[in-house]
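The structure under discussion appears below in the form of structure tokens.
Every chain is numbered from 1, with letters handed out A, B, ... down the list of sequences.
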Amino acid sequence: MSITENQESLSPNEAVGANFIRHIIANDLKENKHNGRVATRFPPEPNGYLHIGHAKSICLNFGMAAENNGTCNLRFDDTNPEKESVEFMESIERDVQWLGFKWTELHHASDYFEQLYGYAVELIKQGKAYVDSLSADQMRAYRGTLTEPGKESPDRNRPIAESLDLFHRMRAGEFADGQCVLRAKIDMASPNINMRDPVIYRIRRAHHHRTGNDWCLYPMYDYTHCISDALEGITHSLCTLEFEDHRPLYDWVLDQLQTTYHPQQIEFARLQLEYTIVSKRKLNQLVTEKHVNGWDDPRMPTIAGLRRAGYTPKAIRDFCERIGITKKDSWIEMSVLEYCIRTDLNENSPRVMAVLQPLRIVIENYPADQTELLEIGNHPQRPELGKRNVPFSKVVLIEQDDFAENPPPKYKRLISGGEVRLRGAYVIKCHEVIKDADGRITELRCTYDTDTLGKNPEGRKVKGVIHWVSEEHSLPAEARLYGRLFKLPNPDNEENFLDALNPDSLEILSNCRVEASLANAQPESRYQFERTGYFCLDSVDDIDGKLVFNRTVTLRDNWEKD
RNA sequence: UGGGUCGUCGCCAAGCGGUAAGGCACGGGGUUUUGAUCUCCGCAUACCAAGGUUCGAAUCCUUGCGACCCAGCCA
């Protein structure tokens, strides 16, 4: 397995830290535990889009394999046809690849249905599984509670031949959905509820997105997963903490069947990110009930959403490495993710000027018929990224925020009678503020100092630098400013997580003007709009004659306003 | 109060018996034609608590306390 070529590959300075799984693998390698092999897999169920929590697992699984010259498969855990779909499957493949990973083999648990069935027959023959006719309700009652042991089903000691016959007839479609199940015969008194004769096959007449109507019975996760791992020769089966209690079952199934490989299941804590949720059920609800505009809404913590918002694969990988791998319940602050994307974008995105909320400035002493092409560098620290020509003319647009009639303390932008530098251009001075009937500022009259292009004015210091565009030459654009989707750090704490939704998570600015060089910007291309943030040209929406930009993240702002 | 797991700085996280790495955040200097970047400095006598073992403990033992997960024919 490797990092795909079309993505920025992992650079050596992407620091890798120690974690307990790396230790285990290193130790296994040292002891030649699997003949020196490291084989992992990423096993999503295609019942939703991948999210940032999956990214953690993807980076871990593919990462461990890559670091150790091993393999990593993508395997769809598609054993519940009622919730799964081709759309989800395709989105998952797309997202894993976009993140920069390339699987060794692509598998589907459904490819193993026939083998799985065969193993089940074997279990029955060993007297280790039986067909049970208890209803779901009865089974729940028989299961016992956390503190009391369960009761054995009347069918538990059904003769092997009878279970075998029943199981064949289950497959043949002789029984209704839910009429009977196949159960592993383990221990109804086990303190671990998962070991109280878990169901391993249920009858479900549902169309499967891959096997169609070939089957009317489907294997359960616990039974399927371990065998699939074994079949693929997985050495380290990495999963999240909630499966810790299932490990004895994982091991039990493989022990009974004496499969060639017996992978080691290792559990790690799932990602919890402040102000977001990573429950596929809830994300699905946000989409279905239209609280967001689809799985790829830039506010969604999905890979597709992050991508559309302008996040890079590298930043997400960096994030996954930084947060570490442990078994501890932990909450990651948003600032970590934001730091990662800012770092990547700061280094790699070209700078450009865009005025989000324009204020007109007429430069009175600038010739009306003149246009200058000012050469401005695309990146202050990386001259190799080149320069562009930005037209300058008599009427320019600046940000409304960059002018203040009553400036707060330490304000260093434009004020009445004050001077400010137009980035890459001249120093201007404001002489007159023009307002409409309602007292709103509509225009500023300024003059420019002709001797300040590329040099500081003589005898005085101009501290402020603001961005601008030429009114005549600029392009109309829409900016979508995204904030956090939730207003609370842990939406799951609420009775209803929807109550934690942030009503102001999207602000649309539709009268923006961006510099002319953006005319041929490609969808998904990322820029730093100087002084306002990082933006990405939207890949989906097309507004007639207008460029649509999604704000990925703001620039850090250390200015202490009052 | 059955079973499983976890408790090191505001948030992550190294550490595995030899005397508390690192990152994010935060605070403060410097550079800067982005209040960005960059850079320098500061930031746990302390590792859930209490006992014990040891020359020496975050690391070993004991007992507490706190948190999370499990009673789907979901994964």
Side-chain angles (χ1 to χ4, degrees), chain A residues 15 17-19 23 43-45 47 77-80 82-84 132 134-136 139-141 143-150 177-183 189-196 198-204 217-218 220-222 224-225 239-248 267 269 274 280-281 321-340 342-343 346-347 351 353 376 379-381 410-413 420-425 427 452 454-456 462-467 528-533 554-561:
Chain A
N19 69 49
H23 284 314
E45 182 189 13
N47 67 343
D77 236 325
D78 53 352
T79 56
N80 186 2
E82 288 170 314
K83 292 185 175 169
E84 298 154 8
D132 195 347
L134 246 32
S135 71
M139 204 176 290
R140 183 162 37 247
R143 189 154 32 230
T145 68
L146 294 178
T147 52
E148 303 160 67
D177 287 11
Q179 196 175 135
C180 50
V181 296
L182 184 69
R183 288 229 254 174
S190 172
N192 180 346
I193 291 191
N194 296 300
M195 299 297 272
R196 319 241 260 231
V199 171
I200 57 178
Y201 267 94
R202 79 289 211 179
I203 301 174
R204 195 108 317 167
L217 76 173
Y218 293 93
M220 300 284 289
Y221 165 84
D222 286 305
T224 307
H225 201 85
C239 64
T240 42
L241 245 34
E242 67 269 26
F243 293 104
E244 221 155 13
D245 286 344
H246 296 240
R247 188 173 359 119
E267 310 84 10
E274 287 188 344
K280 270 201 265 186
R281 202 204 93 232
E321 184 57 44
R322 280 168 187 277
I323 57 177
I325 301 290
T326 65
K327 303 190 71 153
K328 190 167 70 174
D329 253 301
S330 58
W331 281 90
I332 308 297
E333 292 178 345
M334 260 300 181
S335 62
V336 183
L337 218 209
E338 291 176 350
Y339 174 84
C340 292
R342 285 193 183 112
T343 299
N346 172 57
E347 193 180 324
R351 267 108 264 219
M353 291 194 286
I376 300 180
H379 191 116
Q381 282 82 37
K410 293 188 189 165
Y411 188 78
K412 55 186 220 190
R413 285 111 93 160
V420 77
R421 154 84 59 189
L422 292 180
R423 174 105 232 239
V427 169
T452 53
K455 59 177 176 181
N456 289 129
V462 176
K463 268 189 301 186
V465 180
I466 64 174
H467 57 97
Q528 183 196 100
F529 285 0
E530 291 217 40
R531 305 206 311 127
T532 61
T554 60
L555 252 35
R556 260 180 61 186
D557 184 3
N558 286 333
W559 185 41
E560 298 164 39
K561 290 160 225 168

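- Note on A:His379: every side-chain N or O is 4.0 Å or more away from OP1 and OP2 of B:U37.
- For the OP1/OP2 pair of B:C70 and a distance below 4.0 Å, the side-chain nitrogens and oxygens of A:Arg143 include no atom meeting the criterion.
- The base-pairing partner of B:C16, taking Watson-Crick or G-U wobble contacts with both distances under 3.5 Å, does not exist among the strands shown.
- For A:Glu242 and B:C70, the CD to C1' distance is 11 Å, given to the nearest whole Å.
- Note: A:His246 and A:Tyr221 have perpendicular aromatic rings, judged against thresholds of 30 and 60 degrees for the angle between ring planes.
- Between A:Arg196 and B:A71 there is no side-chain polar atom (N or O) within less than 4.0 angstrom of OP1 or OP2.
- Of the side-chain N and O atoms in A:Arg556, one or more sit less than 4.0 angstrom from OP1 or OP2 of B:U37.
- Side-chain atoms of A:Glu333 lie closest to B:C24 of the nucleotides B:C24, B:C73, B:C74.
- Side-chain atoms of A:Leu146 lie closest to B:C70 of the nucleotides B:C70, B:A36, B:G35.
- The pairing partner recorded for B:A57 is none, the criterion being a Watson-Crick or G-U wobble arrangement whose two distances lie under 3.5 angstrom.
- Nearest to the side-chain atoms of A:Thr326 among the listed nucleotides B:U5, B:A71, B:A13 stands B:A13.
- With a cut-off of 3.5 Å on both pairing distances, the Watson-Crick or G-U wobble partner of B:U5 is B:A67.
- Residue A:Arg351 has no polar side-chain atom (N or O) positioned under 4.0 Å from OP1 or OP2 of B:A36.
- Rounded to whole angstrom, the span from the CZ atom of A:Arg202 across to the C1' atom of B:C74 amounts to 7 Å.
- Within the 4.0 Å cut-off from OP1 or OP2 of B:C74, not a single side-chain nitrogen or oxygen of A:Asn47 is found.
- Distances from the side chain of A:Lys328 to the nucleotides B:C16, B:C24, B:A13 place B:A13 closest.
- Look at A:Thr79 and you'll find a side-chain N or O under 4.0 angstrom from OP1 or OP2 of B:A75.
- The side chain of A:Asp329 has B:C68 as its nearest neighbour among B:C68, B:G35, B:G15.
- Side-chain nitrogen and oxygen atoms of A:Tyr339 include at least one within less than 4.0 Å of the OP1 or OP2 phosphate oxygen of B:C24.
- Comparing B:G35, B:C73, B:C12 by their closest approach to the side chain of A:Lys412 singles out B:G35.
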